[in-house]
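Let me begin by presenting the structure, written as structure tokens, before commenting on it.
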Amino acid sequence: MDTLIIIPTYNEKENVNFLIQNIFKYIPETSILVVDDNSPDGTAQAVEELQNQFPRLACHQRKTDRGFGKSYIDGFKMAARNNQGGAIVMMDADFSHDPEEIPKMIEKLSDFDIVIGSRYVSGGRIKNWAWSRRFLSRFANFYVRMILGVPINDTTTGFMCFRKEILKKINLDSIKSEGYAFLVEFKYKIFKAGYKIFEHPIVFTER
């Protein structure tokens with residue numbers, strides 16, 4: 001399955017080079033789109049310097065209207081303009097999401113429409129978080145499940161992959177949330193559209 005990995009960045013110059021090399025190591029035939037929010041540390045320039053080495057690497061630098069959710073929306077719209085089928089992967093740039101898990105998650109798209117990298121199913125866990133932050137995250141996810149009625153244990157995870165055709169069924173311009181709320185709203189819209197969801201256990205490591 002053709003795969004596009006979308007990575008939003010802001011001041012990730014120290015991480016992005018090593019991350020990109022690791023992704024292409026495990027999935028050499030994938031494509032990567034880095035959506036940079038006009039990072040003052042030169043993240044976009046660092047990505048562009050790698051493009052000769054990795055022809056399937058692209059960088060889109062956003063100049064205005066900053067925001068995590070807005071970066072993903074821009075990336076989704078760029079992906080949707082390509083009529084080819086395939087998979088979209090969402091992940092962070094700080095190595096909290098392990099690139100080695102991507103092939104396992106994509107494989108499950110043969111049976112599901114979206115695969116969520118979940119910290120809160122059997123086999124999933126978090127490293128380097130204080131108990132107070134764990135409690136807050138658990139409570140937030142419980143609250144979202146109760147309020148929205150979504151059968152997802154980890155609604156706030158930013159690590160997931162889905163069939164690109166989903167982008168044609170969701171009104172991206174209707175998504176107004178930012179940060180963790182964007183991740184929740186996006187999953188909620190996918191759930192309401194009737195797509196099949198699977199939670200794949202991951203180990204989330206604090207950067």
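Counting from 1, the numbers follow the sequence of the chain as shown.
- Side chain to side chain, Tyr120 and Ser137 meet the donor-acceptor criterion of an N or O pair below 3.5 Å.
- Proximity of a side-chain donor or acceptor of Arg119 to a complementary backbone N or O of Asp154 within less than 3.5 Å is not detected.
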(request) Apply the test side-chain contact (heavy atoms from CB on, under 4.5 Å) to residues Ile202 and Asp98: give CA-CA distance (whole Å), side-chain angles for both, the deciding distance (0.1 Å), then the verdict. (result) CA-CA 8 Å; Ile202 62 164; Asp98 187 351; over 6 Å; no
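- Note: Met90 CE to Phe76 CZ = 4.0 Å, rounded to the nearest 0.5 Å.
- Tracing side-chain contacts under 4.5 Å through hydrophobic residues (I, L, V, M, F, W, Y), one never reaches Ile166 starting from Phe159; they form parts of separate clusters.
- One finds a salt bridge joining Arg62 and Asp37 here, because a Lys/Arg side-chain nitrogen approaches an Asp/Glu carboxylate oxygen to under 4.0 Å.
- Donor-acceptor pairing under 3.5 Å is recorded for the side chains of Thr156 and Asn141.
- Criterion: ILVMFWY side-chain heavy atoms under 4.5 Å apart, direct or through other members. Under it, Ile5 and Phe95 are part of a common hydrophobic cluster.
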(message) Does Phe182 form a side-chain contact (heavy atoms from CB on, under 4.5 Å) with Ile175? I'd like the steps, not just the answer.
(response) CA-CA 7 Å; Phe182 165 80; Ile175 302 177; 3.6 Å; yes
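- A distance of 6.0 Å or more separates the ring centres of Tyr72 and Phe186.
- With hydrogens and angles disregarded, a donor-acceptor distance shorter than 3.5 Å links the side chain of Asp113 to the backbone of Lys196.
- For Gln51, the CD atom sits in a packed shell: over 12 heavy atoms of surrounding residues, nucleotides or ligands are nearer than 6.0 Å.
- Under the 3.5 Å distance criterion, the side-chain polar atoms of Glu101 are left unmatched by any main-chain donor or acceptor of Gly117.
- Side-chain contact check for Phe24 versus Thr30: some heavy-atom pair is nearer than 4.5 Å.
- With a 6.0 Å radius and a threshold of 12 heavy atoms from other residues, nucleotides or ligands, Glu107 has its CD atom at or below the threshold.
- A 6.0 Å sphere centred on NZ of Lys169 holds no more than 12 heavy atoms belonging to other residues, nucleotides or ligands.
- Annotation: Lys189, atom NZ; neighbour count of heavy atoms from other residues, nucleotides and ligands within 6.0 Å is above 12.
- The line from OH of Tyr10 to CZ of Arg66 is 4.0 Å long, rounded to the nearest 0.5 Å.
- Using modelled atom types and a 3.5 Å distance limit, the side chains of Thr3 and Arg56 yield no donor-acceptor pair.
- Inter-residue side-chain proximity for Met105 and Phe198 is flagged as unmet; no heavy-atom pair is nearer than 4.5 Å.
- Remark: side-chain polar atoms of Arg134 are paired, donor with acceptor, to backbone N or O of Ile126 under 3.5 angstrom.
- For the atom pair CD1 (Ile116) and CD1 (Ile152), the distance works out to 4.0 Å, reported to the nearest 0.5 Å.
- Checked for salt-bridge contact, Asp173 and Lys77 meet the test: a charged N lies under 4.0 Å from a carboxylate O.
- Not one N or O on the side chain of Asp36 forms a donor-acceptor pair closer than 3.5 Å with the backbone of Thr43.
- With Glu199 contributing its side chain and Ser118 its backbone, the two residues share no donor-acceptor pair below 3.5 Å.
- For Phe112, the CZ atom sits in a packed shell: over 12 heavy atoms of surrounding residues, nucleotides or ligands are nearer than 6.0 Å.
- In this structure, Met91 CE and Asp94 CG are separated by 9.0 Å, a value rounded to the nearest 0.5 Å.
- Met78 places a side-chain heavy atom less than 4.5 Å from the side chain of Leu33.
- Separating the CG atom in Leu19 from the CD1 atom in Ile23 is a distance of 4.0 Å, to the nearest 0.5 Å.
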(message) What verdict does the side-chain contact (heavy atoms from CB on, under 4.5 Å) test give for Ile102 and Tyr26, after you've listed the backbone C-alpha separation in whole Å, the side-chain angles of each residue and the deciding distance to 0.1 Å?
(response) CA-CA 8 Å; Ile102 296 174; Tyr26 295 115; over 6 Å; no
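- The aromatic rings of Phe135 and Phe139 lie parallel to each other, their planes meeting at an angle below 30°, with 60° marking the opposite boundary.
- Not counting sequence neighbours, the partners of Glu165 by the side-chain contact (heavy atoms from CB on, under 4.5 Å) test are Arg163.
- Side chain of Asn11 to main chain of Asp41: a donor-acceptor pair is present (N/O by atom type, distance under 3.5 Å, no hydrogens or angles).
- Distance alone, capped at 3.5 Å, places no donor-acceptor pair between the Glu29 side chain and the Asp2 backbone.
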(message) Does Lys187 form a side-chain contact (heavy atoms from CB on, under 4.5 Å) with Phe191? I'd like the steps, not just the answer.
(response) CA-CA 6 Å; Lys187 295 183 188 72; Phe191 166 69; over 6 Å; no
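- Rounding to the nearest 0.5 Å places CD1 of Ile88 at 10.0 Å from SG of Cys161.
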